[in-house]
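Okay, so here's the structure we're looking at.
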Amino acid sequence: MQNTASGKVILAGEHAVVYGVPALAVGIDRGARATARPLLPRERARLAVPTWGIEVSEDGDEMLSRAFRSLLNEHRQSASSRKESAFSVEAFADLPPGGGLGCSAAVGVAIARAVDPTADIEGIQRLAMAWERVFHGNPSGIDAACSARGGAIWFRKGEQPRPVRVARELHLCIGHSGIASSTKSMVESVAKQREKRPEVVEKAFSGIAAVVENARLALEAGDVVALGKLLDMNQMLLGGLLLSTEEVETLCRVARGAGALGAKLTGAGGGGCVVALVSDEARGNAVVQAWDKAGYFGFHTRVAATVHSSFVRERAAYDTAEAER
Ligand code: PMV
């Protein structure tokens, strides 16, 4: 059985989120998939990721091997793992790595689902976090949460990610600037600016906080036109923090020219990816084609509208967890 997982896109709030401002992220329908089978006698647990041209065993020293071991160990400790604990896993990633789209978390979530098909969302997130910690040290958890849950998430550092209702299916285009983005160096750049000119940076963060709050309301109201304008505003504020590049600006301009409702960089900036909101699939194809003509790779993806009953369940679980904290 194929086990799938979403990639993630930050719709609003990156960078400011590092300083306690909320961010809004969505799980997209492009991500990763994995299959697992129990081991044959004398076979050792192994993980193959053909997309990355890598195959490792559970007991190796490579980062991928350590991440796989960490995920399996977490699985072995969980109550639901009495039966199988050693697997041969094959995983595929449908996202560009290093593009701020949560590629490693999506692969981790797909593997977790393959290894423990009966686990609930929290269980899957726990396994995926064990995997993510090997790659990212102390990740915030937003990537794994988006990947495991899909839909939209309101996220503030140090708090549980809160599900947000998506009233109307979203059509997004993701364009790659062709330049790898380094989260660490872009976060450092903002920190330096904040040291030098705290009042300017704090003003930008307040603007971003307002954008995030309004974007959440627009998502819940299904108002994609307002959401598009908010993406544009967020891009302006990020540009003011020197996080945009010529390529990112070109991608945003071309997308708007092809009919996008709004566009911004997503993730760390300084390269990486752009997200453009469009009204429907036809407009999405037009944006991707326009990018292609301008020499950039992109794809169209969706965020499903929230299914009401599962949202009510999810919010109730969130509220209970909050009350217990
Ligand atoms: O590009 P990504 O997925 O690593 O996202 C970075 C988001 C930042 O806000 C810039 C950093 C962070 O830790 O939240």
Side-chain angles (χ1 to χ4, degrees), residues 5-28 30-32 93-109 128-129 131-149 152-162 172 174-194 201-202 204-209 211-212 215 231 234-235 237-245 247-248 251-252 263-275 301 303:
S6 306
K8 78 104 215 281
V9 168
I10 299 182
L11 278 187
E14 52 274 269
H15 285 285
V17 73
V18 174
Y19 298 90
V21 169
L24 201 58
V26 289
I28 55 175
R30 185 185 277 231
D94 299 324
L95 299 166
L101 301 178
C103 184
S104 70
V107 173
V109 166
M129 282 301 281
W131 157 278
E132 280 283 272
R133 272 193 288 273
V134 175
F135 289 110
H136 301 298
N138 186 20
S140 64
I142 191 168
D143 287 13
C146 273
S147 182
R149 289 165 192 272
I153 282 174
W154 181 96
F155 179 83
R156 196 192 328 241
K157 207 169 160 186
E159 294 182 21
Q160 281 282 98
R162 191 162 101 196
L172 301 176
I174 313 296
H176 201 294
S177 66
I179 291 159
S181 138
S182 158
T183 301
K184 189 165 175 280
S185 64
M186 299 321 285
V187 168
E188 280 170 6
S189 149
V190 173
K192 274 195 200 126
Q193 292 177 59
R194 190 162 170 267
V201 174
E202 287 305 328
F205 287 170
S206 317
I208 292 173
V211 166
V212 171
L231 297 192
N234 199 165
Q235 171 61 18
L237 291 160
L238 291 166
L241 293 171
L242 312 180
L243 295 162
S244 195
T245 63
E247 292 80 8
V248 165
L251 280 163
C252 291
K264 65 180 273 291
L265 67 84
T266 182
C273 286
V274 157
V275 57
T301 188
V303 180

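The figures that follow rest on heavy atoms only: side chains count, while hydrogens, waters and symmetry mates do not. Both counts, for ligands and for their atoms, begin at 1 and track the order of listing.
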Taking distance alone, with no angle check, do E14 and ligand 1 share an N/O pair under 3.5 Å? no

Nitrogen or oxygen of T266 less than 3.5 angstrom from that of ligand 1: no

Within ligand 1, which atoms have a heavy atom of [X] less than 4.0 Å away?
| X | result |
| --- | --- |
| G100 | 1 (O), 2 (P), 3 (O) |
| V17 | 9 (O), 14 (O) |
| K8 | 2 (P), 3 (O) |

Rounded to the nearest 0.5 Å, what separation is found between the NZ atom of K264 and the CG atom of L238? 6.0 Å

Give the residue and atom name of whichever protein heavy atom lies nearest to [atom], and the separation in Å to one decimal.
| atom | value |
| --- | --- |
| atom 9 (O) of ligand 1 | H15 N, 2.9 Å |
| atom 4 (O) of ligand 1 | T183 OG1, 2.8 Å |
| atom 7 (C) of ligand 1 | I10 CD1, 3.9 Å |
| atom 5 (O) of ligand 1 | G267 CA, 3.7 Å |
| atom 1 (O) of ligand 1 | A268 N, 3.1 Å |
| atom 13 (O) of ligand 1 | V18 CG2, 4.2 Å |

So which atom in L95 and which in R30 form the shortest heavy-atom distance, rounded to 0.1 Å? CD2-O, 3.7 Å

Considering all heavy atoms, the nearest S181-G271 contact: CB-C, 3.8 Å

Are any of the side-chain heavy atoms of L241 and F205 separated by less than 4.5 Å? yes

Side chains of V17 and I142: does their closest heavy-atom pair fall under 4.5 Å? no

From CA spacing to verdict: side chain to side chain contact (heavy atoms under 4.5 Å, CB included), L101, I174: CA-CA 9 Å; L101 301 178; I174 313 296; 3.9 Å; yes

Salt bridge present between K184 and E188 (N-O < 4.0 angstrom): yes

Test your reading of the model: is there a side-chain donor-acceptor pair from W154 to the backbone of V212, 3.5 Å cut-off? no

Would you call M186 a ligand 1 contact, heavy-atom distance under 4.0 Å? no

